[in-house]
Amino acid sequence: MISFKLTDEQEMVRDAMRDFAAEALRPIGRKCDEESKLSEATLAQIWELGLVSTQLPEDFGGAGEPRSPITQALVLEELAWGDATLALAAVAPAAFAFAIADHGTDEQKRQYLPLFCGASYHAASLAAIEPGPTFDVLRPNTVAEPHPRGFVLCGAKCLVPMADRASHFLVVAQSRDGLDAFIVPRDAKGLQISEPEKNLGLRALPTAGLALDRVEVAASDRLGGESGSDLRRLLAGSRTALAAAMVGVARAAVEYAVPYAKDRVAFGQAIAQKQGIAFKVADMHIETEASRWLVWKAACQLELGLDATRSAHFARSYAAEQCLAVTDAGIQVLGGHGFVREHPVEMWYRNARTLGVLEGTLAV
Amino acid sequence: MINFELSENDRKVIEGLRAQALVARQYARYYDENEHEFPPDELEEAKNFPSLSELLEGRTDQDTPISVLGMLIVAAQTWGDYSVRMRRERGGLGNAALRAAGTPEQIEKWQGLILAMAITEPGCGSDPSMVQMSAVLDGDEWVLNGEKIFVTTGCRADGVIVWATLDKSAGRAGIKSFLVEKGTPGFVVTHKEKKLGIRADDTAAYVFKDCRIPRENLIGLQEEIPKHSSGGFRNVMKTFNMTRPGVAAIGIGMAEAALDFTRDHLRDAGIEIEYGGGIHGASAVVERFRRLEALCEAAQLTIWRAAWLSGEGQPNNMEASVCKAKAGAAVREITQGCIEILGPMGVSRDHLLEKWFRDVRITDIYEGTGEIQRMIIARGLFDYTRAELN
Ligand SMILES: Cc1cc2nc3c(=O)[nH]c(=O)nc-3n(C[C@H](O)[C@H](O)[C@H](O)COP(=O)(O)OP(=O)(O)OC[C@H]3O[C@@H](n4cnc5c(N)ncnc54)[C@H](O)[C@@H]3O)c2cc1C
């Protein structure tokens, strides 16, 4: 049945996240961007919300609440509305943890899930993206060749979040069986982590490249063990999560543009009263809404255990395009003031462009 | 819970209607090329198919609420053809207006008639507050004078709800609606438009010259002009919150038809659409097609959203305009893009794609153009009155 009804609990969570984002993230986002440095205190504060651990099974230290991609999408929109960089940094470990929870073997769950159930932030990341202009997430150049004790990984990754501190990486690679992911500890032989990358947006997010030079992993380190895992489903979840964050960024731009345009006067009238501006803002709102419903649709399919490949594809490609267009228009509404760093809109524009090239960074 | 999956009962309705729509589609070209013939209210094949009410039997609260399902129903029908339906509901826009604003007696008396709705005049369309047609009370009769254009089902209708002003200086508050039956002296259908698309839909022009109608034909029977408000005008405009999502859905049905047609022909040519990958692994055609599909889904979801809110009894003024604006633009881009993808096949009148391209163009025009929708949305966002943003 088609319904847009949030459960009471989802409404509560969303409202709580909205308040949290306004109080804890929005005021500090710009400072982090300027310094290209996360606020560790904020990271710890978000961790306390239990966004990762509550949805992990009790047996492994979690709170055992049912995994809900829909709720997670709602949360991500709100957090990214506050600040996308802090949101990504805080929730990036979920991409690793949820992958293990959803696709891992019992042994993998036992070994890794407790890491994310402690009181302090624990980083581990999914490494999907590769450098070079022709990257396609379904056709990675990183390969996993069979080896007597398991696999040997060769290739390169980039834009790996929290790479400065992640204890493990879940490396997406092409194996003989198709697309697979492998758990690689930070100190694995043959793994080199690059200097921090300097990116257009999400500047405070510590990302780095991974060089995998014949990294040996055991057969049991393949996600899902012998049977492997459904990487398409995993990637669909990550795309839905990224799209949810993009909706948050777009909404931030709309909500910033509205009062500004009402207040700003040109030619004796609020610029909001000029159709050139009014219609632009209307379009910003239309596309933010449309993007959100695509996210909800993909999240709902994931929640129901259906194949969400197509809707997650749509959610991500549409939201990426529109989040960029919306923040772009946001700058235009502010004119020169949109171009200067006194206002957050230029940051959202950079963040939007950067979010649009990510894969596998988040999870719902 | 948030959900966008059709239940089994939902699917039964939509698949059932699509099967019927496919039959209706066989007549689409004929009525497009023979502009001034009307498709029948019911096709001969109808006896082989269940009625809508039969398809709707046995629904439970686990099924999509009827407010939203209605949008899918409309789209399933126009997926076949805009004008040719297995069975056509007898009734026009005027019937909806009568139901919304008429007294119980008026509804009872006229609901059996097919009623068109005539607001637009040669001199005013987007701004209905500028209606010039006049109504003057003379004894127990109203005397109507003026012109109306672009009246949908204007030829076939048994009567029409017309907007006329009692007092031009009173602005919107002075505008009232009246029922005029066909055959009333002084009321003439002057001509029928020839159009880009939706050609089987008759679009008529009317002239009213000293046309006398009974005093009771004033819809709602409110003769006085309120001094400090827009009168019933605002309420009448609210009926658009109900009809705009439907109009958007009409367009989406045809856009879906265009996408299905294009997908089928790409498949015949050995091109499968793959999802989940990036742009490097896809051809330009596949990427273009995927984007058009995403656009279609996005527009469709905004329609469901507006309809769902109305079903929940929540305000949906902004959302109705969001979906109308979104769909109005999306259906054009989709049909334009499908033609680009299929090239010569797209423009050939041997196929229906070129017809869908023409038919969907109306979506962004009637019931308020895309610009008017954006104005409504902006007023909502900025909390502006009509005077502050126009
Ligand atoms: C096939 C068809 C069926 C129709 N059926 C009916 C019917 O059944 N009943 C009925 O009453 N009418 C009907 N209409 C009329 C339709 O609703 C109007 O055509 C429509 O509202 C636009 O009005 P207009 O044509 O006068 O254009 P105008 O109002 O002259 O507008 C021209 C252009 O200016 C733009 N514009 C106007 N005002 C503004 C503004 N304030 N800000 C920015 N841009 C603006 C418009 O968006 C448009 O792009 C029908 C029209 C067609 C073509």
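Heavy atoms only: backbone and side chains are in, while hydrogens, waters and symmetry mates are out. Treat the numbers as computed from the prediction; the structure is a model and nothing was measured.
Interface remark: A:P259 contributes no atoms to any contact with chain B (heavy atom separation under 4.5 Å). Of the atoms belonging to A:Y318, it is side-chain heavy atoms, and not backbone ones, that fall under 4.5 Å from chain B. Proximity to chain B (any heavy atom under 4.5 Å) is restricted, for A:E287, to the side chain, taken from C-beta onward. In this structure, chain B has a heavy atom under 4.5 Å from the side chain of A:L306, while its backbone stays farther away. For A:E359, no part lies under 4.5 angstrom from a heavy atom of chain B. Both the backbone and the side chain of A:L294 come within less than 4.5 Å of a heavy atom in chain B.
Taking the ring centre of B:Y275 as origin, the terminal cationic atom of A:R310 falls inside the region bounded by 6.0 Å and 45° from the ring axis.
Among all heavy-atom pairs drawn from A:K5 and B:W308, the shortest one is N-CZ2, 3.4 Å.
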### Task
Kindly determine whether B:M1 and A:E303 satisfy side chain to side chain contact (heavy atoms under 4.5 Å, CB included), including the steps that lead there.
CA-CA 11 Å; B:M1 194 195 95; A:E303 185 138 341; 4.1 Å; yes
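Although no hydrogens or angles enter the test, the distance criterion places a donor-acceptor pair under 3.5 Å between the side chain of A:R239 and the main chain of B:G276. The backbone N or O of A:I2 sits less than 3.5 Å from a side-chain atom of B:T64, completing a donor-acceptor pair. With hydrogens and angles disregarded, no donor-acceptor distance shorter than 3.5 Å links the side chain of A:K297 to the backbone of B:F4.
Salt bridge annotation for B:K326-A:E289: absent, with no cationic side-chain nitrogen under 4.0 angstrom from a carboxylate oxygen.
Once rounded to the nearest 0.5 Å, the distance linking CG of A:L138 with CD of B:E274 reads 5.5 Å.
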